Amino acid sequence: MCGIIGAVGRGDATLDTLLAGLSNLEYRGYDSAGLAVSGEELSVAKRSGELEVLEDALEGQSLSGNAGIGHTRWSTHGAPTDANAHPHTDCTDSVAVVHNGIIENYQSLRDELAAAGHEFKSETDTEVVPHLIESLLADGASPGTAFRQAVDRVEGSYAIAAVFAGSDTVFAARNDSPLVLGVGDDATYLGSDVPAFLEFTDRVVYLEDGEVAELSPAGWTVTTLAGDPVEKEIRTVDWESEDTGKSGYDHYMLKEIHEQPRALRQCLQERVNELAGTVDLGDAVNETLRGVDDVQLVACGTSYHAALYAAELFRSQGVRAQAFVASEYVTSPAPHGENTLVIGITQSGETADTLSALRDAQRRGVETLAVTNVVGSTAARECDGVLYIRSGPEIGVAATKTFSAQVVAANLVAAVMANGDTSHEFVSALRDLPGQVQTVLEETNAEAVADRFVDADAYFFIGRGYDYPVAMEGALKMKEITYKHAEGFPAGELKHGPLALVTGNTPVFAVVTGETGSEKTVGNVKEVEARNAPVVAVTDGRTDVERYADEVLEVPETDPRLAPVLANVQLQLVSYHVAKQLGRSIDKPRNLAKSVTVE
Ligand code: F6R
């Protein structure tokens with residue numbers, strides 16, 4: 001998804017600061033990058049393609065100025081060309097604008113501006129903004145007033161920032177698209193997320209919808225669109241800048257897979273009391289969960305698979321629970337009762353589909369809880385309650401450690417819904433889980449399995465009960481980073497259609513853990529084997545599935561509710577190694593974005 005960086009007060013280091021910010025934003029996925037620096041003159045540089053292309057174009061140039069904005073674009077309106085890359089400027093090159101989101105009324109604004117003589121250089125929705133500002137400046141408005149009045153005319157979702165020729169002030173505003181200020185000692189930053197500027201400061205101010213920030217060398221202010229001052233709290237994020245580096249791993253994805261033991265420990269810390277066998281998520285979350293008898297989980301992608309798992313878990317203890325793909329929930333909202341809770345599971349806390357579903361629930365008067373990784377994210381701020389999964393920054397586009405932490409968080413929620421009481425055995429199984437993940441990481445044969453099946457025509461994944469979401473997640477990971485056909489199915493569904501796809505060159509990964517239904521899955525494995533498909537069993541050894549498998553990915557035995565985390569780690573590693581062998585862009589797979597802020 002598109003990313004924004006801004007900096008004011010960096011003097012000669014402005015250009016380098018913006019380039020560093022753009023590099024920090026690369027993980028979100030993009031197809032073009034650009035920046036504008038304002039000093040006496042306004043200088044703009046932008047290119048389609050990787051950031052390196054822009055850096056090459058800037059070689060030998062010293063864009064000078066004390067204020068600047070930068071952007072990574074993920075195309076929505078218009079192809080990824082130099083002209084469509086941000087920043088966009090007006091006819092007189094006196095203002096440069098970057099924008100995340102979608103301007104819904106851009107066509108009528110563009111028609112109006114074109115009729116008034118403005119000439120457009122791109123196909124983007126964004127370009128209407130600098131031209132609107134230009135016309136307001138021509139009518140005598142100051143830059144700040146022109147910015148506010150232009151933003152006021154825009155409908156849709158946006159995070160917008162603008163910089164003006166001859167000025168070292170950056171203006172920014174948001175509606176339905178995240179924007180955050182970074183407060184440094186001598187400089188102020190702007191980012192569409194915290195990692196954009198985390199290497200410069202960890203003190204942040206989150207902007208809300210309808211607020212306008214003004215960043216100048218004298219400091220920063222936040223006002224409403226109408227200009228009324230707004231008091232903002234400066235918060236310190238507890239992420240370290242080093243957390244966003246690769247620490248010697250070839251890819252962020254591999255690093256994050258290996259960070260899972262730590263992520264799970266952090267998720268559990270001070271929440272489980274082993275001696276008492278109890279779970280405590282703090283008064284606010286405990287209160288939100290009290291008396292809930294119906295849970296609707298809304299989420300997308302990998303987080304949806306965690307939601308599927310959580311629904312199964314809640315149902316197993318007698319709570320009505322269902323997982324919904326967030327975009328479908330909005331299209332067809334589920335009926336709710338007095339004690340319904342809608343839980344949004346979202347790593348980023350910024351996924352537009354999930355936010356829409358949560359807002360829809362709130363409009364209908366249903367209580368909401370966000371389960372998210374990002375402190376201060378939109379989901380965290382808007383929901384009635386928030387449970388942080390504490391995984392640390394996840395940079396690789398493919399979600400890995402956050403899925404595992406979401407599954408663990410679901411277990412904590414389940415325990416609190418059961419009044420905080422859980423068995424000593426279960427609490428010690430939770431405590432042992434990070435160490436067992438470590439064992440899987442150290443002893444895995446996933447790379448050999450990947451080597452053997454790298455040339456397969458397609459990959460299928462099956463599982464039942466808690467293993468079904470793992471099968472779905474295994475397939476999603478495989479398809480998104482290897483670009484190969486992969487599908488996950490409930491094991492029992494295979495014979496109702498998908499079996500027609502199974503051949504000698506379509507390995508079937510059978511996730512067989514725990515006891516419930518495992519024998520039946522072994523039966524499904526035999527059906528596959530009879531059709532000559534290679535079978536990879538991902539198993540805790542409770543059944544004899546190995547007898548029918550060509551390869552086995554073992555996981556240590558644990559409570560059946562937790563085994564899916566271990567099985568999933570094995571599948572993450574297989575996908576990673578297949579993608580690596582195929583030379584794929586593992587951390588930034590084609591067409592994908594880390595934070596999907598459009599519906
Ligand atoms: C897959 C992946 C995506 C996200 C989805 C939801 O690896 O990363 O499918 O899971 O876009 O994102 P969040 O969890 O941020 O709401």
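Worth knowing before you read on, the calculation uses all heavy atoms, side chains too, and leaves out hydrogens, waters and symmetry mates. Both counts, for ligands and for their atoms, begin at 1 and track the order of listing. Note that the coordinates shown come from a computational prediction; the quantities given were computed from them, not determined experimentally.
Under a 4.0 Å N-O distance rule, the pair E211/R174 does not qualify as a salt bridge. For the pair R452 and E551, the salt-bridge criterion is met [side-chain N within less than 4.0 Å of a carboxylate O].
Classification of the F200-Y189 ring pair by plane angle, with boundaries at 30° and 60°, yields parallel.
Side chain to side chain, Q362 and E367 fail the donor-acceptor criterion of an N or O pair below 3.5 Å.
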Filter the ligand 1-protein atom pairs down to N or O on both sides and distance under 3.5 Å, then list them.
from     : atom 1 : to   : atom 2 : distance (Å)
ligand 1 : 7 (O)  : T302 : OG1    : 3.2
ligand 1 : 7 (O)  : A399 : N      : 2.9
ligand 1 : 7 (O)  : K477 : NZ     : 2.8
ligand 1 : 7 (O)  : E480 : OE1    : 3.2
ligand 1 : 7 (O)  : E480 : OE2    : 2.5
ligand 1 : 8 (O)  : V397 : O      : 3.1
ligand 1 : 9 (O)  : T302 : N      : 3.3
ligand 1 : 10 (O) : T302 : N      : 3.1
ligand 1 : 12 (O) : T351 : OG1    : 3.4
ligand 1 : 14 (O) : S303 : OG     : 2.6
ligand 1 : 14 (O) : Q347 : N      : 2.7
ligand 1 : 15 (O) : S348 : N      : 2.9
ligand 1 : 15 (O) : S348 : OG     : 2.6
ligand 1 : 15 (O) : T351 : OG1    : 3.2
ligand 1 : 16 (O) : T346 : OG1    : 2.7
ligand 1 : 16 (O) : T351 : OG1    : 2.5

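In this view, V183 and R203, V205, W220, I234 satisfy the side-chain contact (heavy atoms from CB on, under 4.5 Å) rule, not counting sequence neighbours.
Because its NZ or CZ atom is both nearer than 6.0 Å to the ring centre of Y483 and within 45° of the ring axis, R590 counts as a cation-pi partner of that residue.
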